[in-house]
Amino acid sequence: SGVERLGDMIARAKTIVPFTGAGISTECGIPDFRSPGGIWTRNRPIQFDEFVASQSARDESWRRRFAMEEVFAAARPGRGHRALASLHRAGKIPAVITQNIDNLHQASGFAADRVIELHGNTTYARCIGCGQAYQLDWVKRRFDADGAAPNCTACDEPVKTATISFGQAMPEDEMQRATELSQACDLFIAIGSSLVVWPAAGFPMMAKNAGARLVIINREPTEQDDIADLVIHHDIGETLGPFVGN
Ligand code: OAD
Ligand code: ZN
């Protein structure tokens, strides 16, 4: 079966690089983007240039974020996260590349510098001008006091969740490290991503072109199933559960 073949490939691999999307966190109560009920089936994305240009877009963006706070605060690592953390402790996984912003790889036991966050992190905020970091509590208090999304106390530019929006530049250091990891592994496993958002979706093919074997684990078919060595169209928690160690 596919799961047995995955077990063989993991046992034989020296260096495994996982690449994760929203599907690894759905069992933790966080909706994905493109499945029925997903974030982009309910709300149109707010583009970065809209956020920069418009106070009302910033207010709406922060209202959406506050509405999700209970979900993010309650989320704990799922079986997929825990399986990857076990393989990390076993020395097979040097770091994880993720499109997710939920901090759950860190919560499962990866040190912050072992999580390559291509799309940032939503558990804190940053000024888009000077980069000053802010806690969400501070943003919430200012929003409630002023009835509007706050600007930076240092430079007066808008404060935004520390995530990458459509139209916003990708983080250069993360792109560089993801490139190096993709080209240095012998097994690359894409987990829970529709693989439609670029440039992130380029890493599976980059790994494949550099000689790695490519596995895709996703409930639905993805854009890139045809280039994979193994495709498992099954639930992530059930597929990776057997790899959760102690
Ligand atoms: P998507 O919502 O596009 O894809 C998630 C995939 O996970 C879907 O194909 C689901 O079928 C699958 N899935 C969900 N739960 C699953 C489960 N329990 N077991 C197996 N498969 C499951 O999410 P991403 O590919 O992560 O970026 O989205 C990529 C980017 O688009 C995000 O990082 C975000 C979004 O816009 C930005 O906002 C810049
Ligand atoms: Zn600032």
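Whatever order the structure lists them in is the order used to number ligands and atoms, beginning at 1.
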Have a look at the Zn ion (ligand 2) and estimate, to 10 degrees, the angle subtended by SG (Cys152) and SG (Cys130). 110°
Does Asp186 pair with Arg12 as a salt bridge, N-O distance under 4.0 Å? no
Is the contact between Thr26 and ligand 1 made by the side chain, the backbone, both, or neither, using heavy atoms and a 4.0 Å cut-off? side chain
Heavy-atom pairs closer than 4.0 Å: do any link ligand 1 to the side chain of Arg34, the backbone, both, or neither? both
Select one of side chain, backbone, both or neither to describe which atoms of Ile164 lie under 4.0 Å from any atom of ligand 1, heavy atoms only. backbone
Shortest heavy-atom approach to atom 10 (C) of ligand 1 - which of Ala22, Ser35, Ala201: Ser35
Salt bridge check, Lys140 against Asp144: does any charged N sit closer than 4.0 Å to a carboxylate O? yes
Parallel, tilted or perpendicular: which describes the rings of Phe110 and His88, with under 30° parallel and over 60° perpendicular? parallel
Where's the contact between Val197 and ligand 1, heavy-atom distance under 4.0 Å: side chain, backbone, both or neither? side chain
Using heavy atoms and a threshold below 4.0 Å, how should the contact between His234 and ligand 1 be classified: side chain, backbone, both, or neither? backbone
Decide, yes or no, whether a salt bridge links Arg63 with Glu60 under the criterion of side-chain N to carboxylate O below 4.0 Å. yes
Option whose closest heavy atom lies nearest to atom 20 (C) of ligand 1, chosen from Thr122, Ile236, Thr20, Ile217: Ile236
Is the number of heavy atoms from other residues, nucleotides or ligands under 6.0 Å of Arg213 CZ greater than 12? no
